[in-house]
Amino acid sequence: MDQTTSDLAYDFRAAEPRWQEAWTKRGCFRAEDRPDGTKPKYYVLEMFPYPSGKIHMGHVRNYMLGEVVARYKRARGFDVLHPMGWDAFGLPAENAARERGIAPAVWTRENIAAMRADLQRVGLALDWSREFATCDPEYYGQQQKLFLDFWRAGFALRRESAVNWDPVDQTVLANEQVIDGRGWKSGALVEKRRLRQWFLKITDFAEDLLAGLDTLERWPERVRVMQRNWIGRSEGAEFSLRLITPVAGIDRVVVYSTRPDTLFGMSFLALAPDHPLAMAVGAANRDAAAFIAECQSAGTSEAVIEAAEKRGFDTGLCVAHPFIAGATYPVWIANFVLMDYGTGAIFGCPAHDQRDIEFARKYGLGVTVVVAPKDEPDLAVTDKAFIGDGLIVNSGFLDGLDVQAAKSRVIAELEARGLGRGVVNWRLRDWGISRQRYWGCPIPVIHCEICGAVPVPEKQLPVRLPEDVAFDKPGNPLDHHPTWKHVACPQCGAAATRETDTFDTFVDSSWYFARFCAPHAASPTDRAAVDRWMPVDQYIGGIEHAILHLLYARFFTRAMHRLGHVGLQEPFAGLFTQGMLTHESYRTEDGRWLYPDEVAKHPDGTATERATGATVIVGAIEKMSKSKRNTVDPSAVIERFGADTVRWFVLSDNPPERDVEWTEAGAQGAFRFVQRLYRLARGVAAEFADMTPLDRASPDQAGGGARALRQTTHRTITAVTEAIEAFAFNVAIARLYELANAAGEAEGKPAMAAARREAVITLIRLAAPIVPHVAEEAHALLAPEQGLVADLPWPEADPDLVRRDRVTLAVQVMGKLRGTIELPLGTDAETAITAALADRKIARALEGATIVKRVHVPDRIVNFVVRT
RNA sequence: GCGGGUGUGGCGGAAUCGGUAGACGCAGCAGACUUAAAAUCUGUUGCCCGACAGGGCGUGCGGGUUCAAGUCCCGCCAUCCGCACCA
């Protein structure tokens with residue numbers, strides 16, 4: 001024992017590194033590459049972190065969820081793969097380079113080293129031998145190979161699309177860098193600019209990605225719903241409308257509608273601002289051009305476009321109705337029509353579409369009801385469109401049909417006349433993967449004036465990112481690099497240039513889980529390793545990734561499957577999405593944000609800055625973020641209280657799917673429990689030393705409550721096991737507290753000593769996945785002959801001790817609780833009701849009333865319905 | 001704006017199926033131990049009336065279904081996540 005601390009306390013400072021070393025030495029958490037085939041596999045993975053520099057409590061919580069699963073599954077006899085790596089490319093490294101002159105590679109490597117050290121102090125059961133970072137050429141080189149495979153297979157293509165262009169900084173901005181339509185640094189109004197970029201054809205997989213959702217039984221329903229809505233399958237009609245006066249050779253406009261049944265309620269046609277016809281009008285009309293330019297300055301983010309006030313510009317053009325001879329409708333350019341969805345043109349039917357009614361009211365356009373609800377045939381639409389089902393009216397050949405029948409009928413009619421057709425449309429768009437940035441995986445393509453876009457030959461991979469780059473100029477440093485991009489064309493040998501765009505970092509995270517199976521394979525994946533470990537049995541991460549990351553990973557896996565890199569379509573068999581970590585934010589009166597440990601809080605609710613004594617404004621509890629400095633550094637807490645305290649606390653109070661607020665008080669509570677666990681073990685060890693061999697052998701002594709304690713112990717095994725399986729770690733912890741309380745109450749009672757020892761040993765082993773260090777320390781006091789807790793199997797409950805023979809029933813009168821009765825399990829209705837009526841309190845509650853109905857739910861409740 | 005969540009004591013939360021609301025923890029209060037403090041232990045703690053017994057109210061708000069609603073249905077409010085170049 002460490003002599004420097006009080007012999008009363010568990011010394012985590014000495015114990016934690018010692019046990020961490022013991023696990024590493026034994027290779028406890030190394031996943032077997034060559035298993036003997038006797039154990040089932042279990043792959044548990046948390047979304048790998050971006051190396052921002054320091055871990056925060058949110059990371060610890062995320063990794064603790066996987067941690068408990070990993071240690072628990074290991075104890076249940078699985079070969080567990082639980083790896084760690086780094087999602088290392090991205091914008092923050094470039095921002096650091098521009099702001100502080102640190103090279104992105106250096107900044108990233110330093111951050112990784114610091115975060116790795118932080119994570120290792122937590123004592124996680126990770127297989128560090130498989131660690132890699134996406135910025136390792138070994139990894140991104142294989143990614144380049146994958147991309148070229150995709151390209152050859154027709155999954156990749158180049159086409160134009162819009163980006164946010166900052167005219168002052170001469171650079172492309174991410175959506176988060178556009179604030180109120182302006183560049184975050186320059187403040188300049190952002191323009192939409194069209195660039196030729198690489199896309200992956202995720203839309204080719206739309207049907208399959210949608211169908212696959214139904215097989216993901218261990219995914220949260222809400223994530224599946226979000227993905228389903230995102231993919232957005234819709235059936236509708238695509239058809240053309242004739243322009244009365246052609247413009248620039250355009251004589252018709254193709255529209256898409258999911259409600260072709262409302263075609264007779266049309267009152268206008270609306271074009272996306274970047275629709276070819278709108279552009280043609282803009283070329284000839286300055287006012288139109290000004291309106292289009294205004295729409296262009298809104299940025300590319302859908303949220304901004306959709307939330308903006310609906311506005312339009314009347315082009316003065318008209319289109320003819322396909323079925324009503326002589327009827328014409330004005331053509332507008334509207335800011336809420338998206339070029340990327342459908343055909344970029346819609347017909348407006350205000351009576352039955354909310355956006356259209358708002359637009360029509362604003363600009364005085366007509367409103368014709370063509371669907372009448374069955375219970376309200378004379379519907380009048382004012383400000384709220386009617387979008388429900390009903391019977392078609394005012395619609396010629398569609399009159400009297402319901403919505404579904406009218407859709408089929410109108411499509412048939414459009415097809416018969418050669419005007420259009422029924423189509424399935426997707427909200428999902430192809431995935432644009434080009435980024436005009438330095439710190440990412442280079443796209444392995446060479447542009448030759450003669451041969452066009454040429455793949456970099458495989459033997460020249462990886463295309464390495466040069467590290468001698470300068471950030472003194474705006475724009476992409478790869479573009480400015482003196483030599484990097486100048487190469488000979490691999491096909492014809494002429495002077496050519498490299499693609500200077502890099503991949504979206506979502507590409508990096510779309511296949512890393514497959515790479516962990518064989519992180520140093522010479523091909524993107526090692527099929528034998530992938531077949532052994534995939535799918536990920538339990539994937540864990542933030543709900544903020546519900547759509548993009550998870551959808552891209554599912555798409556990538558399908559594409560890799562078609563090319564034989566993996567043998568399955570769905571990468572994640574089970575998914576758990578965790579909530580965020582929150583904390584109060586603090587700022588001084590002059591507006592500086594302060595870290596929580598710079599603030600002294602006072603009992604009266606006020607707070608001051610420790611350094612200066614200045615008044616501190618206590619702000620809202622919100623998501624921990626660096627900018628607001630409301631983060632709590634786990635390393636400091638580990639230093640003070642130990643890793644087990646942090647581990648216990650991040651799981652103890654909250655259901656993992658919900659947000660948590662970090663509080664100092666909670667941390668101290670967790671610290672006390674860790675100490676108490678050790679004290680319990682020490683007390684039991686001392687008692688046990690004094691026991692006779694006979695007493696030791698018979699934990700189930702008559703009387704003295706020993707059997708009751710044993711029942712608690714074995715019921716706790718069941719309850720904790722179920723809670724862990726259900727990801728209800730906070731409930732598991734509550735049950736562990738109860739067992740600790742029960743064991744504590746048995747202290748000093750010789751008749752219960754053996755039962756108490758069983759309780760404490762069980763408690764330690766059940767708590768071990770959460771607080772493994774103190775568990776090892778305590779277990780070594782009680783049963784050193786059994787070796788490491790990390791190597792022990794999970795405790796098994798004795799069914800005989802779990803079973804209950806008596807239950808408490810609630811007795812209600814008119815649904816209000818009036819008493820309880822205790823009965824043998826499985827008591828029949830008649831006996832239960834008789835027992836209830838015999839109860840003094842119930843009898844009094846029933847005085848003077850006539851019982852009209854008796855309800856009995858076996859082993860649960862008796863309810864009397866009465867009349868007075 | 002659209003899509004998806006969440007809302008229960010002073011606080012975090014618990015409550016397979018609709019069946020004793022508030023498990024467990026934190027904080028508080030009272031007490032024991034101590035010269036004292038810390039640590040530890042015991043009791044108590046949803047709100048209101050009541051000395052007790054007991055009674056009333058109570059799961060964001062408003063309705064509804066049911067013998068019975070935190071749980072199911074309808075309508076609101078607040079708040080969080082995502083919206084395709086933050087990761």
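So you know, we letter chains A, B, ... as the sequences are listed, proteins then strands, and number each from 1.
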Please state the C1' separation for the pair rG54(B) and rU6(B) - nearest whole angstrom. 38 Å
If I pick the P atom on rC11(B) and the same atom on rG46(B), what distance separates them, to the nearest angstrom? 13 Å
Taking OP1 and OP2 of rG13(B), is either one under 4.0 Å from a side-chain nitrogen or oxygen of Asn654(A)? yes
Nearest 0.5 Å, what's the CZ-CG distance between Phe555(A) and Leu550(A)? 15.0 Å
Check ring-ring contact (aromatic ring centres under 6.0 Å, His included) between Phe48(A) and all other residues, then give those that pass, not counting sequence neighbours. Tyr512(A)
Atom CD1 of Ile433(A) and atom CG of Asp501(A): how far apart are they, to the nearest 0.5 Å? 10.0 Å
Pairs touching residues 190-204 of chain A that satisfy salt bridge (charged side-chain N to carboxylate O under 4.0 Å, His left out), sequence neighbours left out: Glu160(A)-Arg194(A), Arg194(A)-Asp274(A), Lys201(A)-Asp204(A)
What does Ala546(A) touch in the nucleic acid at a heavy-atom separation under 4.0 angstrom: a base, only the sugar-phosphate, or nothing? nothing
Identify each atom pair where a protein N or O and an N or O of nucleotides 51-56 of chain B are less than 3.5 Å apart, giving names and distance.
| unit_1 | atom_1 | unit_2 | atom_2 | d |
| --- | --- | --- | --- | --- |
| rG56(B) | OP1 | Arg818(A) | NH2 | 3.4 |

Please name all residues satisfying salt bridge (charged side-chain N to carboxylate O under 4.0 Å, His left out) with Arg222(A), sequence neighbours left out, ordered by chain then number. none
Measuring only the P atom in each nucleotide, how far is rA68(B) from rU20(B)? A whole number of Å is fine. 15 Å
By the Watson-Crick or G-U definition, both distances under 3.5 Å, rC72(B) is matched with rG64(B)
Indicate, with a heavy-atom threshold strictly under 4.0 Å, whether Leu428(A) touches base, sugar-phosphate, or nothing. base
What's the base orientation of rC17(B): syn (chi within 90° of 0) or anti? syn
Using atom C1' in both nucleotides, what's the gap between rG43(B) and rU35(B) to the nearest angstrom? 26 Å
Can you confirm whether Ile387(A) is buried at CD1, in the sense that more than 12 heavy atoms of other residues, nucleotides or ligands lie under 6.0 Å from that atom? no
Under 3.5 Å between N/O atoms: give me all the protein pairs with nucleotides 66-72 of chain B, atom names plus distance.
| unit_1 | atom_1 | unit_2 | atom_2 | d |
| --- | --- | --- | --- | --- |
| rC67(B) | O2' | Asn863(A) | ND2 | 3.3 |
| rC67(B) | O2 | Asn863(A) | ND2 | 2.6 |

Could you tell me whether Val178(A) contacts a base, only the sugar-phosphate backbone, or nothing, with contacts defined as non-hydrogen atoms closer than 4.0 Å? nothing
Would you say Arg435(A) places a side-chain N or O within less than 4.0 Å of OP1 or OP2 belonging to rC85(B)? yes
Mind checking Val852(A) for me? I need base, sugar-phosphate or nothing, with any heavy atom below 4.0 Å counting as a touch. nothing
Syn or anti for rG28(B), taking syn as within 90° of 0? anti
For Arg804(A), does the CZ atom sit with more than 12 other heavy atoms under 6.0 Å from it, leaving out its own atoms? no
Name the nucleic acid region contacted by Arg222(A), choosing base, sugar-phosphate or nothing; use a 4.0 angstrom heavy-atom cut-off, strictly under. sugar-phosphate
Please tabulate, one pair per line, each protein N/O and nucleotide N/O from nucleotides 22-25 of chain B that are separated by under 3.5 Å, including the distance.
| unit_1 | atom_1 | unit_2 | atom_2 | d |
| --- | --- | --- | --- | --- |
| rA23(B) | O2' | Glu738(A) | OE2 | 2.8 |
| rA23(B) | N3 | Arg735(A) | NH2 | 3.2 |
| rG25(B) | OP1 | Asn741(A) | ND2 | 3.1 |

Contact class for His545(A) vs. all strands (heavy atom < 4.0 Å): base, sugar-phosphate, or nothing? base
Provide the distance between the two C1' atoms, one in rA87(B) and one in rG18(B), to the nearest whole Å. 42 Å
Check every strand shown and say whether Pro655(A) touches a base, only sugar-phosphate, or nothing at a heavy-atom separation below 4.0 Å. sugar-phosphate
Within the 4.0 Å heavy-atom criterion, would you say Trp230(A) contacts the bases, only the backbone, or no part of the nucleic acid? base
Give me the distances for all protein-to-nucleotides 30-34 of chain B N/O pairs that come in under 3.5 Å?
none

rC61(B) and rA78(B): how far apart are their P atoms, nearest whole angstrom? 15 Å
Who passes salt bridge (charged side-chain N to carboxylate O under 4.0 Å, His left out) against Asp430(A), sequence neighbours left out? Arg159(A)
Looking at rU44(B), which nucleotide sits across from it as a Watson-Crick or G-U wobble partner, both distances under 3.5 angstrom, or is there none? rG28(B)
Contact class for Gly542(A) vs. all strands (heavy atom < 4.0 Å): base, sugar-phosphate, or nothing? nothing
Tell me what Ser301(A) touches on the nucleic acid: a base, only sugar-phosphate, or nothing, going by heavy atoms under 4.0 Å. sugar-phosphate
Base, sugar-phosphate alone, or nothing: which one does Phe673(A) contact when heavy atoms must sit under 4.0 Å apart? nothing
Residue closer to the 5' end of RNA chain B, Glu722(A) versus Thr820(A) (nearest nucleotide): Glu722(A)
Quick one: side chain to side chain donor-acceptor pair (under 3.5 Å) pairs with a partner in residues 723-745 of chain A, sequence neighbours left out? Tyr72(A)-Glu725(A), Trp648(A)-Tyr737(A), Arg676(A)-Asn741(A), Arg735(A)-Glu738(A)
For rU20(B), give the paired nucleotide (Watson-Crick: N1-N3 plus N6-O4 or O6-N4; G-U: N1-O2 and O6-N3; both under 3.5 Å), or none. none
Ser161(A) to Gln197(A) - nearest heavy-atom pair and separation: OG-NE2, 3.0 Å
Name of the residue among Met814(A), Arg818(A), Gln812(A) meeting side-chain contact (heavy atoms from CB on, under 4.5 Å) with Lys816(A): Arg818(A)
Rounding to an integer number of angstrom, what distance separates rG13(B) and rG50(B) when you compare their P atoms? 34 Å
Is Gln197(A) side chain donor-acceptor paired with the rC85(B) base, going by distance under 3.5 Å alone? yes
Residue pairs, two or more places apart or on separate chains, that pass salt bridge (charged side-chain N to carboxylate O under 4.0 Å, His left out) and touch residues 299-310 of chain A: Glu302(A)-Arg427(A), Glu302(A)-Arg429(A), Glu306(A)-Arg355(A), Glu309(A)-Lys362(A), Lys310(A)-Glu358(A)
Considering only rA87(B), rG13(B), rC85(B), which nucleotide approaches the side chain of Asp87(A) most closely? rA87(B)
In terms of heavy-atom contacts, Arg647(A) and Ile770(A) come closest through NE-O, 2.8 Å
Contacts of Arg715(A) meeting salt bridge (charged side-chain N to carboxylate O under 4.0 Å, His left out) (sequence neighbours excluded), chain-then-number -> none
Is there a donor and acceptor pair, one atom on the side chain of Gln436(A) and one on the base of rC85(B), closer than 3.5 Å? yes
5' precedence on RNA chain B between Asp430(A) and Gly90(A) (nearest-nucleotide basis): Asp430(A)
Quote, to the nearest angstrom, the P distance that separates rA37(B) from rA30(B). 13 Å
For rA14(B), does either OP1 or OP2 sit under 4.0 Å from a side-chain N or O belonging to Arg658(A)? yes
So what's rG3(B) paired with, Watson-Crick or G-U wobble, going by both distances under 3.5 Å? rC81(B)
Donor-acceptor contacts under 3.5 Å from residues 840-860 of chain A side chains, at least two apart:
| unit_1 | atom_1 | unit_2 | atom_2 | d |
| --- | --- | --- | --- | --- |
| Asp859(A) | OD1 | Gly826(A) | N | 2.8 |
| Asp859(A) | OD2 | Gly826(A) | N | 3.4 |

I'd like to check Asp504(A) versus Trp431(A) (side-chain heavy atoms, cut-off strictly below 4.5 Å). Are they in contact? yes
